[in-house]
Amino acid sequence: MKFRKTLAALLAAASILTLTACNNGSGSENGDNTGSSDGSTENTPNTGIMRDNFTSAQLVDDMTIGWNLGNTLDVCQADRDGDGKINEHVEEGEEVDETLWGNIMTTPELFDHLKDFGINAVRIPVTWRDHLNEDDSIKTEWMDRVQEIVDYAIDRGFYVIINMHHDGGDDAKFGAWLRQYALEDYDKFYARYSKMWNQIADRFRDYSDYLIFESMNEVGFDSLPQSDAFALLNRINQDFVDLIRASGGNNEKRHLLIAGYWTDVAETCKPLFKMPTDTIADHLILSVHYYTPWEFIAGQQKTWGSDADIRLMTSKMNQLKTTFVDKGIPVIIGEYAGGGVNREQTYYCEYLVKLCTDMHAACFLWDNGGILDRSTYVWRVSGLIDGLNRAVSGEDYEVTKAP
């Protein structure tokens, strides 16, 4: 979630949400999976096969429930509340790891349970800024750990998204660089951005089309005139596509997730936002997030489900449908979350996911560690996983709030 939100909102949202060897994508710990390159869905993720004539729209349609491994590989030493001080940090000489913001080390068993719950797609946000050498190369230990967790998911049949997450945050004094560099000196920005993405692309170049790269997370440039701000974001997205396509291997055909302006629905639906051009047809997906209304997510609005609430959510999804989906550009809601007590969260999330499923978009629940207990594998929000499974079932039904 973006650092530009206030401390109060972040804390409120948090309280609501909470109440090995690497195989380079060509092998598997099971070792007996076979794939197909004929465009069918018989292909398994760990074969390294890219399905022929398999479009991004088909890929998104193949996703059921999506889930974020939040506050894990995306952690960083950060000024999360904007008070000018680092809130979470490691001692001098120590390395940042995935437990910095309070979550446990990620295990293969987590993905076994996620699969049992009906989830088949995971977004693994990654922040790289605390793991760079002086020459901007990514430290081997961090890259290895990212790959290890990706493999946990890939080997169990998940679609996986990895990205560049809080590198694009607002706390430039404490390490966020993407937005600041792009505003100050694009050549300096591109030198680091391309070097990092080329390393990531090279490490995962032989992975199948179950692995998706996302250009960045929640980035915008509101200090610029609007036309310049959108043009800058569009330029980054275009450069992202170009450098991934030039990185060789399966990346020449990899499905890529393109960040909208601030990943905001209304902003991204403006004509100023442009999807990049590509060397291969139908392999780009739009990425937006949905935390509307923020007052509900942050706990200031206690209930959700009035006629006005329903109209707002429906109109936002219709915007995405008419602007992108109907024009052949598939959409992923890369983050969303509910607010209020359990039944309110479940109602909001189920309603959203049902709307998106009906229009052939995929949704990824934001979980900072407070939705699914990663030690006991118990859902802290009662009814939520059942509601999400109903929403992606394809059944024609009316979503209702539990009594």
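Hydrogens, waters and symmetry mates play no part in the numbers below; they use all other heavy atoms, side chains included.
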Checklist entry - Between Thr127 and Asp74, do the side chains contain an N or O donor and an N or O acceptor separated by less than 3.5 Å? => result no
Next on the checklist: Are Leu320 and Met359 packed together at the side-chain level, in the sense that at least one heavy-atom pair is separated by less than 4.5 angstrom?
Outcome noted: yes
Checklist entry - Under 6.0 Å from the six-membered ring centre of Trp177 and within 45° of its axis: does the NZ or CZ of Arg192 meet both? => result yes
Next on the checklist: Taking Asp326 first and then Lys321, would you say they form a salt bridge - that is, a charged N and a carboxylate O separated by under 4.0 Å?
Outcome noted: yes
Item to check | Asp130 side, atom CG; Asp97 side, atom CG - distance, nearest 0.5 Å | outcome: 11.0 Å
Next on the checklist: Could you check whether Tyr210 and Phe158 have their ring centres less than 6.0 Å apart?
Outcome noted: no
Next on the checklist: I need the Ser215 OG to Leu257 CG distance, nearest 0.5 Å.
Outcome noted: 7.0 Å
Item to check | Working for side chain to side chain contact (heavy atoms under 4.5 Å, CB included), residues Leu365 and Leu384 | outcome: CA-CA 11 Å; Leu365 177 70; Leu384 178 58; 3.9 Å; yes
Next on the checklist: Using a 6.0 Å cut-off, check whether atom CG of Asp83 has over 12 heavy atoms from anything other than its own residue.
Outcome noted: yes
Checklist entry - Is the Phe364-Trp67 ring centre distance short of 6.0 angstrom? => result no
Checklist entry - If you look at every heavy atom in Trp142 and Val96, which pair is closest and at what distance? => result CZ3-O, 4.0 Å
Item to check | Test item: side-chain donor near acceptor, Asn318 and Ser315, under 3.5 Å | outcome: no
Checklist entry - Do the two ring centres, one from Phe117 and one from Trp379, sit under 6.0 Å apart? => result yes
Checklist entry - Arg145 and Thr106: which non-hydrogen atoms are nearest, and at how many Å? => result NH2-O, 2.9 Å
Checklist entry - In terms of the angle between their ring planes, are Tyr348 and Tyr290 parallel, tilted or perpendicular, with boundaries placed at 30° and 60°? => result parallel
Checklist entry - What distance separates Phe273 CZ from Thr323 OG1, expressed to the nearest 0.5 Å? => result 11.0 Å
Item to check | Non-hydrogen side-chain atoms of Lys253 and Asp209 separated by less than 4.5 Å | outcome: no
Item to check | Verdict with supporting geometry, Arg390 and Asp386, salt bridge (charged side-chain N to carboxylate O under 4.0 Å, His left out) | outcome: CA-CA 6 Å; Arg390 281 193 301 272; Asp386 293 333; 5.6 Å; no
Item to check | Rounded distance [0.5 Å steps], CD1 in Ile149 versus CD1 in Ile124 | outcome: 6.5 Å
Next on the checklist: Heavy-atom count check: over 12 atoms from other residues, nucleotides or ligands less than 6.0 Å from Lys270 NZ?
Outcome noted: yes
Checklist entry - Does a side chain donor of either Asp62 or Gln58 reach within less than 3.5 Å of an acceptor in the other side chain? => result no
Item to check | Pair Thr72-Arg374, side-chain donor/acceptor within less than 3.5 Å | outcome: yes
Next on the checklist: Would you say that Asn217 contacts Pro125 through its side chain, given a criterion of any heavy-atom pair below 4.5 Å between the two side chains?
Outcome noted: no
Next on the checklist: I'd like to know if the side chain of Asp222 pairs up with that of Trp262 as donor and acceptor (distance under 3.5 Å, no hydrogens or angles considered).
Outcome noted: yes
Checklist entry - What distance do Asp151 atom CG and Asp144 atom CG have between them, rounded to the nearest 0.5 Å? => result 10.5 Å
Checklist entry - Is the closest basic N to carboxylate O distance between Arg129 and Asp167 below 4.0 Å? => result no
Checklist entry - Do Asn198 and Ser247 have side-chain N/O donor and acceptor atoms under 3.5 Å apart? => result no
Checklist entry - Is Lys85 positioned over the aromatic face of Phe174, cation under 6.0 angstrom from the ring centre and no more than 45 degrees off axis? => result no
Item to check | Under 3.5 Å side-chain donor-acceptor pair for Asn120 and Arg156 | outcome: no
Next on the checklist: Arg245: which residues meet the salt bridge (Lys or Arg N to Asp or Glu O under 4.0 Å) condition with it, sequence neighbours left out?
Outcome noted: Asp278
Next on the checklist: Working note: Trp101 + His166, criterion ring pair (Phe, Tyr, Trp, His ring centres under 6.0 Å); need CA distance, chi angles, decisive distance, verdict.
Outcome noted: CA-CA 13 Å; Trp101 291 0; His166 290 313; 5.7 Å; yes
Item to check | Exercise: identify the closest heavy-atom pair between Lys139 and Asn133 | outcome: CG-OD1, 3.4 Å
Next on the checklist: Measuring from atom CD1 of Ile285 to atom CG of Leu256, what distance do you get when rounded to the nearest 0.5 angstrom?
Outcome noted: 8.0 Å
Next on the checklist: Side chains of Asn251 and Arg205 only: does a donor on one sit below 3.5 Å from an acceptor on the other?
Outcome noted: no
Checklist entry - For residues Glu214 and Ser287, is any side-chain donor paired with an opposing acceptor at under 3.5 Å? => result yes
Checklist entry - Should Asn234 and Pro276 count as side-chain neighbours, where that means a heavy-atom distance under 4.5 Å? => result no
Checklist entry - Centroid-to-centroid, Tyr190 to Tyr193, below 6.0 Å? => result no
Item to check | Within the 6.0 Å centroid threshold, strictly below: Tyr261 and Phe230 | outcome: yes
Checklist entry - Are a donor atom and an acceptor atom from the side chains of Ser56 and His255 found within less than 3.5 Å of each other? => result yes
Checklist entry - Can the ring centres of Trp366 and Tyr291 be said to be less than 6.0 Å apart? => result no
Item to check | Where Phe213 and Ile244 come nearest, the two heavy atoms and their spacing | outcome: CD1-CD1, 3.9 Å
Item to check | Stepwise side chain to side chain contact (heavy atoms under 4.5 Å, CB included) check, Thr303 with Phe296 | outcome: CA-CA 7 Å; Thr303 63; Phe296 175 65; 5.8 Å; no
Next on the checklist: Pair Glu335, Arg123 - check salt bridge (charged side-chain N to carboxylate O under 4.0 Å, His left out), show working.
Outcome noted: CA-CA 9 Å; Glu335 294 181 19; Arg123 182 171 177 260; 3.0 Å; yes
Next on the checklist: Would you call the rings of Trp304 and Tyr347 parallel, tilted or perpendicular, taking 30° and 60° as the class edges?
Outcome noted: perpendicular
Next on the checklist: So which atom in Arg254 and which in Leu211 form the shortest heavy-atom distance, rounded to 0.1 Å?
Outcome noted: NH1-O, 2.9 Å
Item to check | Ionic contact status for Arg380 with Asp373, cut-off 4.0 Å | outcome: yes
Item to check | Contact summary for Cys349 and Ala337, nearest pair of heavy atoms | outcome: SG-C, 4.2 Å
